Structure formats: structure tokens, C-alpha cells
**Student:** 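The structure's right below; bear with me while I get my questions together.
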Amino acid sequence: QGTSSTLAYDSDLAEIVSKSNLLIVEGYLFEFSHTIEAIKQACEDAKKNGALIAVSASDVSCIKRCHSDFWDIVGNYADILFANANEARAFCELTSEESTVSAARYLSHSIPLVSVTDGMHGSYIGVKGEAIYIPPPACIPVDTCGAGDAYASGILYGILRGASDLKGIGLLAAQVAAVVVGQQGTRLRVKDADRLAESFEFHLDNLEFCSDAGTDQVPNL
């Protein structure tokens with residue numbers, strides 16, 4: 001949270017939002033009443049300017065405390081929601097016995113694209129009431145801090161690159177997260193980022209020549 005807890009939607013921030021093609025809302029900011037207002041204003045402007053809006057769930061207890069505020073933003077503005085399995089269940093008010101895939105499917109009825117991670121069990125991308133399973137890559141975990149953000153970066157990279165193959169985007173995201181989990185520290189090394197980007201571009205090139213590839217498509221966001 002840090003200095004972001006004092007966030008106000010002033011003319012400088014409004015100018016930045018007006019020039020952006022992606023706005024990411026950090027869920028922890030829902031803890032503060034004045035930042036919620038700033039989030040709403042930013043989302044309004046981003047939507048008017050045709051930018052994508054992504055929301056990061058951040059924390060189960062935060063979702064429970066700010067459930068109505070979360071849904072006000074997610075339900076009215078979000079194109080993409082990032083959550084882990086427990087956060088997704090908290091959004092849906094499901095019990096811990098409910099499956100991750102059920103939460104992903106439920107949320108995808110209200111949000112165009114839902115990304116739900118479940119640690120060593122893999123992840124799901126929910127679209128229009130369906131969920132696409134993304135298997136986890138082989139990885140020897142060293143430090144799991146930053147894994148969720150790394151996964152989200154892979155999803156956003158694929159979408160901003162114009163890719164439409166959801167399975168391929170999810171596999172990229174899982175690979176990015178696996179690299180971060182397999183090292184100490186949360187940031188990708190430049191050489192690893194370059195390698196992952198090249199691998200993804202190769203995947204996209206191959207798709208262009210595979211007319212029979214039955215891929216799940218990114219919805220209109």
C-alpha cells in the first residue's frame with residue numbers, strides 16, 4: 001500500500017490515464033474510502049478512452065471487508081480479473097470445499113476474462129461461463145513471492161501483443177510465474193524475459209500456419 005494509500009485522482013493522474021491503453025487496479029487500495037473514489041474516476045476515464053481495465057484481487061480478507069466496493073468496480077468496469085483460488089471463492093462467496101474451476105466459471109459470467117491461479121495445481125482462464133485449464137510447468141520452487149503478479153504479467157503481455165489463443169496466453173503466463181518461483185526475488189531477469197517473449201512469438205507464428213488449430217479465443221475486451 002505505502003504511498004498509494006494517499007492516492008487522489010488529480011489532473012496529472014487523469015492525463016496519464018487518458019494516454020494509457022491499460023489500467024490495472026490494485027485490490028489493496030479498496031481498503032481506503034478516498035482511494036475507492038479515485039479508482040472509480042480512473043475507471044470512468046479509462047473506459048471512455050477505450051483502455052482495458054484489469055483488477056487484482058490482492059487478499060481474501062480485503063475482499064471480505066470491501067466486498068460491495070470490489071463488485072461495484074469489477075461488475076461495472078473490469079475487463080479482466082486476477083485472483084488466486086481462495087480470492088476467487090471469496091468473490092463468489094463460495095465455501096472452501098467449492099472447486100477452483102467452479103469459481104472461475106461463476107466469475108466469468110460477470111467479467112469478460114477471469115484468471116484464477118491455484119499454485120501447484122495449475123490455473124484457469126474463465127470466459128463466458130467456461131474455464132480453460134492451464135497446467136503448471138515443471139519447476140523447483142525457491143521463492144513463491146511475486147508468482148501471482150508474474151502470472152498476471154504474462155496474461156497482459158499476450159493480450160497487449162494481440163494474441164487470441166487463450167491457452168497459449170495462459171501457458172506463457174504459467175511459464176513466467178515458474179521462472180519467478182524458481183529464483184530468489186520477484187523480478188524477471190532481462191535474459192529470461194527476452195527468452196519467454198521469443199518463445200511466445202514463435203508460438204504465435206506457428207498458430208498462423210495451423211488453420212486447424214482448435215484454440216479458445218480471447219473475448220472482445
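Residue numbers start at 1 and run along the sequence shown. Owing to the predicted nature of the structure, the values given are computational and were not obtained by experimental measurement.
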**Student:** So which atom in Gly129 and which in Ser108 form the shortest heavy-atom distance, rounded to 0.1 Å?
**Tutor:**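 Heavy atoms of Gly129 and Ser108 come nearest at N-OG, 2.8 Å.
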**Student:** Is there a donor-acceptor pair closer than 3.5 Å between any side-chain N or O of Asp72 and the backbone N or O of Ser68?
**Tutor:**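 Pair absent, no side-chain N/O of Asp72 close to backbone of Ser68.
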**Student:** Going by heavy atoms in the side chains, are Val127 and Glu130 under 4.5 Å from each other?
**Tutor:**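 A side-chain contact is absent here, since even the closest heavy-atom pair is not under 4.5 Å.
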**Student:** Do you know which two heavy atoms are closest between Ser99 and Arg89, and how far apart they sit?
**Tutor:**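 Between these two residues, the closest heavy atoms are C-NH1, 3.9 Å.
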**Student:** Kindly compute the distance separating CD (Glu87) from CD1 (Ile63), expressed to the nearest 0.5 Å.
**Tutor:**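 Output value for this atom pair is 5.0 Å.
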**Student:** Would Leu7 end up clustered with Ile16 when hydrophobic side chains under 4.5 Å apart are linked, directly or stepwise?
**Tutor:**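 Looking at the clustering, Ile16 is in a separate group from Leu7.
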**Student:** Determine whether a donor-acceptor pair (N or O, by modelled atom type, separation under 3.5 Å) exists between the side chain of Asp10 and the backbone of Asp12.
**Tutor:**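 Present.
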**Student:** Look at atom OH of Tyr77 and say whether more than 12 heavy atoms of other residues, nucleotides or ligands are closer to it than 6.0 Å.
**Tutor:**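 Yes, enclosed.
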**Student:** Determine, using the 4.5 Å side-chain heavy-atom cutoff (strictly less than), whether Tyr151 and Leu171 are members of one ILVMFWY cluster.
**Tutor:**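 Cluster IDs for Tyr151 and Leu171 match.
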**Student:** Can you see which heavy atom on Asp192 is nearest to which on Gln183, and at what distance?
**Tutor:**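 The answer is OD2-OE1, 4.2 Å.
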**Student:** More than 12 non-hydrogen atoms from neighbouring residues, nucleotides or ligands closer than 6.0 Å to CZ on Arg187, yes or no?
**Tutor:**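 No, because the 6.0 Å sphere around CZ of Arg187 holds 12 heavy atoms or fewer from other groups.
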**Student:** List in chain and number order the residues that pass salt bridge (Lys or Arg N to Asp or Glu O under 4.0 Å) with Lys128, two or more places apart in sequence or in another chain; answer none if no residue qualifies.
**Tutor:**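 Lys128 satisfies salt bridge (Lys or Arg N to Asp or Glu O under 4.0 Å) with no other residue.
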**Student:** Going only through I, L, V, M, F, W and Y residues with side-chain contacts under 4.5 Å, is there a path from Leu107 to Val101?
**Tutor:**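 No, Leu107 and Val101 fall in different hydrophobic clusters.
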**Student:** Should His109 and Val114 count as side-chain neighbours, where that means a heavy-atom distance under 4.5 Å?
**Tutor:**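 The answer is no; the side chains never approach within 4.5 Å.
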**Student:** Apply side-chain contact (heavy atoms from CB on, under 4.5 Å) to Leu13 and Gln41, showing your working.
**Tutor:** CA-CA 10 Å; Leu13 185 53; Gln41 291 177 297; over 6 Å; no
**Student:** Where do Glu44 and Asn76 land on the side-chain contact (heavy atoms from CB on, under 4.5 Å) test, with the steps shown first?
**Tutor:** CA-CA 10 Å; Glu44 286 279 1; Asn76 291 308; over 6 Å; no
**Student:** If you take all heavy atoms of Leu166 and Ile134, which pair is closest and at what distance?
**Tutor:**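 Looks like O-CD1, 4.4 Å.
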**Student:** Roughly how far, to the nearest 0.5 Å, is OG of Ser153 from CZ of Phe82?
**Tutor:**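 The distance works out to 8.5 Å.
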**Student:** Does any part of the side chain of Leu188, heavy atoms only, come nearer than 4.5 Å to the side chain of Val180, both counted from C-beta?
**Tutor:**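 Yes, close enough: below the 4.5 Å cut-off.
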**Student:** With sequence neighbours left out, write down each residue that passes ring pair (Phe, Tyr, Trp, His ring centres under 6.0 Å) with Phe30, or none if nothing qualifies.
**Tutor:**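 By the ring pair (Phe, Tyr, Trp, His ring centres under 6.0 Å) rule, Phe30 matches Phe70.
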**Student:** Quick one: do Leu113 and Ile24 end up in the same hydrophobic cluster if we chain Ile, Leu, Val, Met, Phe, Trp and Tyr together by side-chain heavy atoms under 4.5 Å apart?
**Tutor:**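 They do share one cluster, since a chain of ILVMFWY contacts under 4.5 Å joins Leu113 to Ile24.
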**Student:** Mind listing the closest non-hydrogen atom pair of Cys139 and Gly182 along with its distance?
**Tutor:**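 Looking at all heavy atoms of both residues, the closest pair is SG-N, 4.1 Å.
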**Student:** Parallel, tilted or perpendicular for Phe91 and Trp71, by the 30°/60° rule?
**Tutor:**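 Perpendicular, since the angle between the ring planes exceeds 60°.
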**Student:** About how many Å separate CG of Asp149 and CG of Leu156, when rounded to the nearest 0.5 Å?
**Tutor:**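 If we round to the nearest 0.5 Å, Leu156:CG and Asp149:CG are 10.0 Å apart.
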**Student:** Give, for atom CD1 of Ile80 and atom CD1 of Ile125, the distance between the pair rounded to the nearest 0.5 Å.
**Tutor:**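 One gets 10.0 Å once the value is rounded to the nearest 0.5 Å.
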**Student:** Same cluster or not: are Tyr28 and Val60 linked, directly or through other Ile, Leu, Val, Met, Phe, Trp or Tyr residues, by side-chain heavy atoms under 4.5 angstrom apart?
**Tutor:**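 In one cluster: no.
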**Student:** Between Ile73 and Lys40, is any pair of side-chain heavy atoms under 4.5 Å apart?
**Tutor:**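 Yes, their side chains come closer than 4.5 Å.
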**Student:** As a test of understanding, state which of Thr117, Asn86, Asp118, Asn84 forms a side-chain hydrogen bond (donor to acceptor under 3.5 Å, both in side chains) with Thr100.
**Tutor:**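 Going through the options one by one, the only one that passes is Asp118.
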**Student:** If I compare all heavy atoms of Pro112 with all of Ala78, which pair ends up nearest, and what's the gap?
**Tutor:**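 That would be CD-O, 3.5 Å.
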**Student:** Distance alone, cut at 3.5 Å: any donor-acceptor contact between the side chains of Ser58 and Glu26?
**Tutor:**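 Their side chains do contain a donor-acceptor pair, which is all the 3.5 Å distance test asks for.
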**Student:** To the nearest 0.5 Å, what is the distance between CD on Glu31 and OG on Ser61?
**Tutor:**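 Here the interatomic distance stands at 6.5 Å.
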**Student:** Heavy atoms, side chains only, cut-off 4.5 Å: are Ile169 and Arg161 in contact?
**Tutor:**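 Sidechains of Arg161 and Ile169: no contact.
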**Student:** What is the distance from atom CD of Gln175 to atom CG of Leu196, rounded to the nearest 0.5 Å?
**Tutor:**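 Here the rounded value is 6.5 Å.
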**Student:** Please name all residues satisfying salt bridge (Lys or Arg N to Asp or Glu O under 4.0 Å) with Lys191, sequence neighbours left out, ordered by chain then number.
**Tutor:**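 Result, salt bridge (Lys or Arg N to Asp or Glu O under 4.0 Å) vs Lys191: none returned.
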**Student:** For Glu15, is there an ion pair with Lys19 - N to carboxylate O distance below 4.0 angstrom?
**Tutor:**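 Yes, charged N to carboxylate O under 4.0 Å.
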**Student:** Evaluate the side-chain proximity of Tyr9 to Ile39: yes if any heavy-atom separation is below 4.5 Å, no if none is.
**Tutor:**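 No, their side chains stay 4.5 Å or more apart.
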**Student:** Could you walk me through whether Leu23 and Cys43 pass the side-chain contact (heavy atoms from CB on, under 4.5 Å) test, one step at a time?
**Tutor:** CA-CA 8 Å; Leu23 173 68; Cys43 287; 4.2 Å; yes
